[in-house]
Amino acid sequence: MSVARLVVVRHGETEWSASGRHTSRTDLALTEEGRRRAAALAGALRRPFAVVLCSPLRRARETCDLAGFGERAMIEADLLEWDYGDYEGLTTPEIRAANPGWSLWRDGCPGGESPSQVSERADRVLARVDAIEGDALAFAHGHILRVLSARWLSMDVAAGARFALSAGALGVLGHERDTRVIERWNVT
């Protein structure tokens, strides 16, 4: 049997997520609002999980800790955020001023990851959770979780563009009979 549900949690707000700056490997702490929202997740996540996975970056680990799962979490490097390379710290309007046709979902980032590289990482996470019985919980970042969700649904990476996920929000990926579905999304 494969995983029953995969609950995904985007880390709480950081200074850069609040300002729309692309944040991949820059290891930022949560803002006070981010910490408040992360702690508030504990009630919504009150259920048993067979496995808890977490990105190694501080903002995800801090969210995981504040939600009450820090002691159980296993660090999963494949849950790192999409590597923005040369676009790290820039906003989408700043990137498009220099590269007007740019789309993360189609083009990836120079000096960073391509969509296919991020898809491969997401597929490895899904293979890992598919090997367990019960529900899984994953704390990570906006774009990798959107890619993970698209891949859960057997869609291309680009479909992730259509799954907005706010800082400190969660989604529940599940099943309707034998079909993988999104049960809930962008819940805060």
Side-chain angles (χ1 to χ4, degrees), residues 3 5-14 16-17 20-28 30 34 37-38 41 45 49 51-64 67 69 73-92 95 102-130 136-173 180 182 184-188:
V3 67
R5 285 186 181 88
L6 173 56
V7 178
V8 298
V9 179
R10 182 178 174 195
H11 64 77
E13 178 189 82
T14 67
W16 283 18
S17 68
R21 293 170 71 182
H22 289 276
T23 318
S24 59
R25 302 309 194 261
T26 303
D27 209 8
L28 301 173
L30 300 178
R37 287 180 90 180
L41 289 168
L45 297 172
F49 291 98
V51 67
V52 178
L53 303 174
C54 187
S55 161
L57 294 176
R58 180 179 179 183
R59 57 195 181 271
R61 288 185 290 111
E62 194 174 356
T63 300
C64 180
F69 292 91
M74 292 181 283
I75 298 300
E76 174 56 65
D78 281 333
L79 286 174
L80 282 165
E81 180 59 297
W82 193 315
D83 186 346
Y84 302 128
D86 298 346
Y87 293 159
E88 180 79 2
L90 300 178
T91 64
T92 297
I95 296 166
W102 176 74
S103 166
L104 172 68
W105 305 98
R106 180 190 63 233
D107 305 323
C109 300
E113 287 182 296
S114 68
S116 64
Q117 290 170 313
V118 178
S119 180
E120 288 171 12
R121 289 197 291 114
D123 288 348
R124 287 193 299 264
V125 172
L126 292 177
R128 181 172 181 185
V129 299
D130 276 343
L137 176 60
F139 291 88
H141 314 275
H143 284 124
I144 186 62
L145 291 176
R146 293 164 69 180
V147 171
L148 189 76
S149 301
R151 300 301 299 141
W152 175 268
L153 299 171
S154 300
M155 297 176 164
D156 290 334
V157 169
R162 304 199 183 282
F163 304 133
L165 187 60
S166 302
L170 65 86
V172 180
L173 308 176
R180 286 183 165 189
I182 295 177
R184 292 187 294 156
W185 192 254
N186 207 26
V187 178
T188 57

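The figures that follow rest on heavy atoms only: side chains count, while hydrogens, waters and symmetry mates do not.
- In this structure, Ser103 has no side-chain hydrogen bond (donor to acceptor under 3.5 Å, both in side chains) partners at least two apart in sequence or on a different chain.
- Remark: the Glu81 side chain and the Thr23 side chain contain no N/O donor-acceptor pair separated by less than 3.5 Å.
- For the side-chain hydrogen bond (donor to acceptor under 3.5 Å, both in side chains) test with Tyr84, the passing option among Arg25, Arg21, His143 is His143; the others fail.
- The structure places OG of Ser55 at 7.0 Å from CD1 of Ile75, a figure rounded to the nearest 0.5 Å.
- With no hydrogens or angles considered, no side-chain donor-acceptor pair links Arg10 and Ser166 at under 3.5 Å.
- Take Arg106 and apply the salt bridge (Lys or Arg N to Asp or Glu O under 4.0 Å) test, not counting sequence neighbours, and it matches no residue.
- With a 4.5 Å cut-off on side-chain heavy atoms, Ile144 and Val118 count as touching.
- Judged as a ring-ring contact (aromatic ring centres under 6.0 Å, His included), and not counting sequence neighbours, the contacts of Trp185 are Phe163.
- With contacts defined as side-chain heavy-atom distances shorter than 4.5 Å, the pair Leu126/Leu6 qualifies.
- Side-chain contact between Leu80 and Pro56 is present, with at least one heavy-atom pair separated by less than 4.5 Å.
- Atom CD in Glu62 sits 11.0 Å away from atom SG in Cys54 (nearest 0.5 Å).
- Among residues two or more places apart in sequence or in another chain, the salt bridge (Lys or Arg N to Asp or Glu O under 4.0 Å) test is passed with Arg61 by none.
- Contact check on Asp123 versus Arg151 returns a salt bridge, with a Lys/Arg side-chain nitrogen under 4.0 Å from an Asp/Glu carboxylate oxygen.
- When the salt bridge (Lys or Arg N to Asp or Glu O under 4.0 Å) test is applied to Asp83, no partner is found at least two apart in sequence or on another chain.
- Counting only heavy atoms from C-beta outward, the side chains of Phe69 and Val9 never approach each other to under 4.5 Å.
- Looking at residues two or more places apart in sequence or on another chain, you find no ring-ring contact (aromatic ring centres under 6.0 Å, His included) involving Trp16.
- The OG atom of Ser149 sits 4.5 Å away from the CG atom of Leu173 when rounded to the nearest 0.5 Å.
- Under the 4.5 Å side-chain criterion, counting only non-hydrogen atoms from C-beta, Val52 is in contact with Phe139.
- The shortest distance between side-chain heavy atoms of Leu30 and Thr14 falls below 4.5 Å.
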**Request:** Give the intermediate values and the outcome of side-chain contact (heavy atoms from CB on, under 4.5 Å) for residues Cys109 and His22.
**Result:** CA-CA 11 Å; Cys109 300; His22 289 276; over 6 Å; no
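- The neighbour count for Asp86 CG, taken as heavy atoms of other residues, nucleotides or ligands under 6.0 Å away, is above 12.
- In this structure, the separation between OG on Ser119 and CZ on Arg124 is 10.0 Å, given to the nearest 0.5 Å.
- Side-chain atoms of Trp102 and Thr92, non-hydrogen and from C-beta on, do get closer than 4.5 Å to each other.
- Looking at Met74 and Arg128, their side chains come closer than 4.5 Å, going by heavy atoms from C-beta outward.
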